[in-house]
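Notes to accompany the following structure.
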Amino acid sequence: MSTLGWVHTSFGIVALLAGTAVIFIRKGTRWHRTLGHVYLTSMISLNVTALFIYRLFGHFGPFHWLAASSLLTLLVGMIPVFTRRPKGLWLERHAIFINVSFIGLVAATVSEITSRIPALENGFGLVVGLTSALVIGIGMVLLFRNLPQSLRRAPARFQNISKI
């Protein structure tokens, strides 16, 4: 693996650890913000480094588009935090888009791991597509099943939230 590949992988591991921790801690706390910043910085770095990796296709390919869409998801997830808009809905928007970002990270990680299984190497596209679809499907079900109670655990100053 190249130096860029190691840097990319390192940012991915940090993002996975920080993102997982944020899921399990109380929202709106200092730890949530600190780990959220670690997640955000790691994800931006992960995706920017991904834009410079051309080993697989030799040119801008589908994984570069996914990195760009991941950056967009992060941006859309953070704008409500900084602007506190739309009023009454900003918390839900932040939670949904940042969780979608994390689901994408987990899907990419699982796809990367499964695509390296020797018995599955010949079906690279199929393996990546199926594992990504499976992880994203499970992630979205879990997100919309657990999001309302997660938002209710937020501090009182954020309790002015609408029903999902």
Side-chain angles (χ1 to χ4, degrees), residues 1-25 27 32-83 85-86 89-147 150:
M1 188 180 318
S2 69
T3 302
L4 181 59
W6 281 110
V7 170
H8 176 75
T9 301
S10 298
F11 283 127
I13 292 167
V14 171
L16 277 169
L17 293 173
T20 301
V22 168
I23 287 172
F24 292 106
I25 63 174
K27 308 306 178 248
H32 173 238
R33 287 188 302 276
T34 301
L35 289 169
H37 285 117
V38 170
Y39 175 77
L40 180 65
T41 304
S42 298
M43 284 297 290
I44 290 169
S45 303
L46 171 73
N47 286 300
V48 168
T49 57
L51 295 173
F52 292 96
I53 298 173
Y54 289 92
R55 188 173 152 253
L56 191 59
F57 295 106
H59 56 80
F60 198 90
F63 298 111
H64 297 101
W65 286 110
L66 291 169
S69 68
S70 179
L71 287 167
L72 182 62
T73 304
L74 287 168
L75 179 67
V76 172
M78 289 310 297
I79 287 174
V81 173
F82 298 130
T83 64
R85 301 233 186 283
L89 292 175
W90 70 269
L91 185 60
E92 288 96 331
R93 297 253 173 101
H94 167 67
I96 289 168
F97 282 99
I98 292 301
N99 276 284
V100 167
S101 164
F102 184 73
I103 292 167
L105 173 64
V106 173
T109 302
V110 172
S111 295
E112 179 69 27
I113 292 167
T114 56
S115 71
R116 294 185 182 271
I117 297 171
L120 302 176
E121 281 180 343
N122 291 335
F124 176 79
L126 185 61
V127 169
V128 169
L130 288 176
T131 55
S132 294
L134 181 64
V135 171
I136 290 169
I138 292 169
M140 294 306 281
V141 168
L142 291 173
L143 169 63
F144 285 103
R145 181 178 294 158
N146 296 314
L147 189 62
S150 174

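Just so you know, these numbers use all the heavy atoms, side chains as well, and skip hydrogens, waters and symmetry mates.
- Under a 3.5 Å cut-off, the side chain of S101 and the backbone N or O of F97 do not form any donor-acceptor pair.
- A pairwise comparison of heavy atoms in A67 and L51 identifies CB-CD2, 4.1 Å as the closest pair.
- Atom CD1 of I96 is separated from atom CG of L147 by 5.5 Å, given to the nearest 0.5 angstrom.
- With hydrogens and angles disregarded, a donor-acceptor distance shorter than 3.5 Å links the side chain of H94 to the backbone of G77.
- Closest non-hydrogen pair, A50 versus H64, comes out as O-CD2, 3.2 Å.
- When every heavy atom of S42 is checked against every heavy atom of V14, the shortest pair comes out as OG-CG1, 3.0 Å.
- The two residues L16 and T20 make their nearest non-hydrogen contact at O-OG1, 2.7 Å.
- I23 CD1 to H32 NE2: the interatomic distance, rounded to the nearest 0.5 Å, is 10.0 Å.
- Partner P80 forms a side chain to side chain contact (heavy atoms under 4.5 Å, CB included) with one of R93, E92, R85 and no other, that one being R93.
- Distance check, rounded to the nearest 0.5 Å: CG of L134 to CG of L130 gives 8.5 Å.
- A donor atom on one side chain and an acceptor atom on the other are found under 3.5 Å apart for S132 and S111.
- A distance of 9.5 Å separates CZ in F102 from CE in M43, rounded to the nearest 0.5 Å.
- Annotation for L35 and A18: closest pair O-CB, 3.8 Å, computed over non-hydrogen atoms.
- To the nearest 0.5 Å, atom OH of residue Y39 and atom CG of residue L46 are 9.0 Å apart.
- Of all the heavy atoms in S70 and N47, the pair that sits closest is OG-ND2, 3.0 Å.
- Remark: the backbone N or O of L4 is not paired with any side-chain donor or acceptor of H8 at under 3.5 angstrom.
- Once rounded to the nearest 0.5 Å, the distance linking OG1 of T73 with CD1 of I103 reads 10.5 Å.
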